[in-house]
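A short write-up of the structure that comes next.
Note: hydrogens, waters and symmetry copies are ignored here, and every other heavy atom, side chains too, is used. Every chain is numbered from 1, with letters handed out A, B, ... down the list of sequences.
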Amino acid sequence: MLIDHLIKKLSDLLQKKEISSVDLIKETYLRIEELDQSLHSFITVKDRNIALKEAEEKDKNRKDNSSIIYGLPFAVKDAYVTKDLRTTAGSKILNDYHSPYNATVVEKIIASGGILIGKNNMDNWGHGASNENTNYEIPHNPWDMERITGGSSGGSAVAVSTRMVPFAIGEDTGGSIRNPSSMCNISGLKVTYGRVSRYGAIAYASSLDTVGPMAKSVEDLSYLLEIMAGHDEHDSTSSKEKVEKYYQHLGSSIKGKVIGLPKEFFGTGLDPEIKKTVLTATQIFEKLGANIKEVSLPHFVYGISIYYLIALSETSSNLGRYDSFRYGDKRELFSNESVRRILLGTYALSAGYADKLYKKAQKLRTILIQEYEEALKTCDVLVSPVTPSLPSKIGEMISDPLKNLLEDLYTGTVNLVGAPALVIPAGFTEKGLPVGLQIIGKKFGEGELFQMGYLYQQETDWHKKLPTILKNK
Amino acid sequence: MVKISKDLIDSLSKLAKINLTKEQEEKYAGEFSSVMGYMEEIKNINVDHIQETSRVAKDENVLREDIVKESIPQKEALKNSKNTNDGYFLVPAIFKED
């Protein structure tokens, strides 16, 4: 199908008028109709006729210098407010919430000519690593229908993995883009904190939340970031750092680059098949001329505790706004997972415990930042696994709150530090489950991550593999 | 393992304004203990003289000109509320009459 092509190819075909935006929209809706009854990657889908009308206008108004995504369909995690479609954040509390404005990232993609198709399933409020914590239908992993998609941006990962849309926008607070990207075999980017505006992103933990693209390849991510990134007067934490033409990093040699393997990331708890896959991937980088070096982040072992004490403190505060008066339904509709997180955060911030827990976690955050900086002084990037476990069977993890939290082991500390991290497909287990690889960079070093990831995708074809559910179509 | 009492859960739920049933309090007390037991590992690490990090964005005191700009119309701002009157949100009374 047409949507199987990468963004550049689609754009070329559209510019040459060999295909139309209407063709693409028709395909998108066909795929959603065929597959989403069983996959549940969307919570809300736009009316097909409205999308087709938008596509007709795009076909009519296309110019020689139209953006590379002009006329392409896309989806966003339901954590982004949108004017035309309801926004739920995966929770019944916002079941009928209609925002009066669009999130900045949505505005930017639409301004470049993207056609918003729908809102993707997610763990409510971003609370989860499996997408089972949604108040809507639990999405299924297209690589094994009995298994979780990963989370919290699970719906977006499924929609891209099954080529319902050429790309989607996810949100990552502690691994929410990276974890489902790895579990569904797509490419995903957690940006540097401040690289993309958070305005209109429903807040989970404000000092950790980031807005990033999810797509079929590193090349596609590089085009998308250029469109999404930049300062926004509505988000005082958005950076004025120059937005690059990230695609210019693609194709240049990585000879002599130093890749750090943090030894704490390969310790106990890591699934042996994931470990093997990641280490095999590092050999490809060696073949491309990079040097591998072992590094150490001694306080990494406390990473999950530090991450959760801060994230849950912030979420207990952020979710205080749902009072059911100005918008939304009553607080008793928070799911078990969210109530647990709100209560834990309230505890960590409460009199008598704030110094021992919240403030202590903030001090340890400083130490982690220093340790990452130290490691990235001697290395260009760090390479690691994405999750400690393979996608579990649906229902297994929801009964074990601690296991759910531990899924963020290799991703959560990156948010504490504010660094960018790219996830790309790196292989499959014996049972055919996808395994991703994480490349962590220096702040605002997204270009270097694309450079590494792009060359890896020239040497491998993991990212081109399609789930069986598609091959049967 | 840290022992979390139902009373603590009760007082936290009041702070967080979430009404819980007795069964829920019991359930959360149990789950809380296992998660807090894990997280309290940080209690004994020495972090004296270390500065706290509350944010990783570089800019400080981000200001803007105080200029009136177009805003959302009142009707739009109120449209998601289930209880409004004469252009206001209706909320439960806070003060009791004597």
Minimum heavy-atom separation for B:Lys27 to A:Asn336, with atom names? CE-ND2, 3.6 Å
Heavy-atom pairs under 4.5 Å with chain A: which of B:Leu90, B:Val56, B:Val62 has the most? B:Val56
Does any backbone or side-chain atom of A:Asp96 lie under 4.5 Å from a heavy atom of chain B? Answer side chain, backbone, both or neither. both
Select one option (side chain, backbone, both, neither) describing which atoms of A:Tyr193 are under 4.5 Å from chain B's heavy atoms. side chain
Rounded at 0.5 Å granularity, tell me how far NZ in A:Lys359 sits from OG in B:Ser54. 11.0 Å
Please look at A:Gln370 and chain B and tell me whether the side chain, the backbone, both or neither of the residue comes under 4.5 angstrom of a heavy atom of that chain. neither
With a 4.5 angstrom heavy-atom cut-off, which part of A:Thr366 approaches chain B: side chain, backbone, both or neither? both
So which of B:Glu76, B:Lys79, B:Arg55, B:Arg64 has the biggest tally of heavy-atom pairs under 4.5 Å with chain A? B:Lys79
Here the pair of heavy atoms bringing A:Ala361 nearest to B:Ile42 is N-CD1, 4.0 Å
Shorter than 4.5 Å, heavy atoms on both sides: which option in B:Val91, B:Ile45, B:Ile72, B:Val35 has the most such pairs with chain A? B:Ile45
Supply the atom-to-atom distance B:Ile18 CD1 to A:Thr346 OG1, rounded to the nearest 0.5 angstrom. 7.0 Å
Please step through salt bridge (charged side-chain N to carboxylate O under 4.0 Å, His left out) for the pair A:Lys360 and B:Glu40, ending with a clear verdict. CA-CA 11 Å; A:Lys360 188 131 195 191; B:Glu40 289 196 338; over 6 Å; no
Which of A:Phe334, A:Phe325, A:Tyr327 touches chain B most, by non-hydrogen pairs under 4.5 Å: A:Phe325
So for A:Ile369, is it side chain, backbone, both, or neither that comes closer than 4.5 Å to the heavy atoms of chain B? side chain
What one should report as the nearest heavy-atom pair of B:Met36 and A:Tyr347 is CE-CE2, 3.6 Å
Contact origin within A:Ser238 toward chain B - heavy atom pairs under 4.5 Å: backbone
Between A:Ile342 and chain B, with a heavy-atom cut-off of 4.5 Å, which part of the residue counts as in contact: side chain, backbone, both or neither? side chain
Is A:Leu368 in contact with chain B via its backbone, its side chain, both, or neither, using a 4.5 Å heavy-atom distance? neither
Could you tell me which non-hydrogen atom of A:Leu343 sits nearest to which non-hydrogen atom of B:Ala16, and how far apart they are? CD2-CB, 4.2 Å
Under 4.5 Å between any side-chain heavy atoms of B:Glu52 and A:Arg365, yes or no? no
Any side-chain heavy-atom pair from B:Tyr38 and A:Ser305 closer than 4.5 angstrom? yes
Chain B contact via A:Lys330 - side chain, backbone, both or neither, heavy atoms under 4.5 Å: neither
Might you confirm whether atom OH of A:Tyr97 has over 12 heavy atoms from other residues, nucleotides or ligands at distances under 6.0 Å? yes
Is B:Thr53 close to A:Gln362 at the side-chain level, that is, under 4.5 Å between some pair of heavy atoms? no
Toward chain B, the part of A:Ser99 with a non-hydrogen atom under 4.5 Å: backbone
Report yes if the side chains of A:His98 and B:Asn80 come closer than 4.5 Å at any heavy-atom pair, otherwise no. yes
Determine whether more than 12 heavy atoms belonging to other residues, nucleotides or ligands lie under 6.0 Å from atom CG of B:Asn61. no
How far apart are the closest heavy atoms of B:Lys82 and A:Gly328, and which atoms are they? NZ-O, 3.5 Å
Side chain / backbone / both / neither for A:Leu405 at chain B, heavy atoms under 4.5 Å: side chain
Sub-4.5 Å side-chain heavy-atom contact between A:Arg340 and B:Glu31: yes
Salt-bridge present (A:Glu233, B:Lys69; N to O < 4.0 Å): yes
Reported NE2-to-NZ distance for the pair B:His49 and A:Lys363, which is rounded to 0.5 angstrom: 9.0 Å
Spacing of B:Lys43 atom NZ and A:Leu357 atom CG [to the nearest 0.5 Å]: 6.0 Å
Is there side-chain contact between A:Ile304 and B:Met39, with at least one heavy-atom pair below 4.5 Å? no
Pick from A:Leu344, A:Leu208, A:Ile367 with the largest number of heavy-atom pairs that fall under 4.5 Å of chain B: A:Leu344
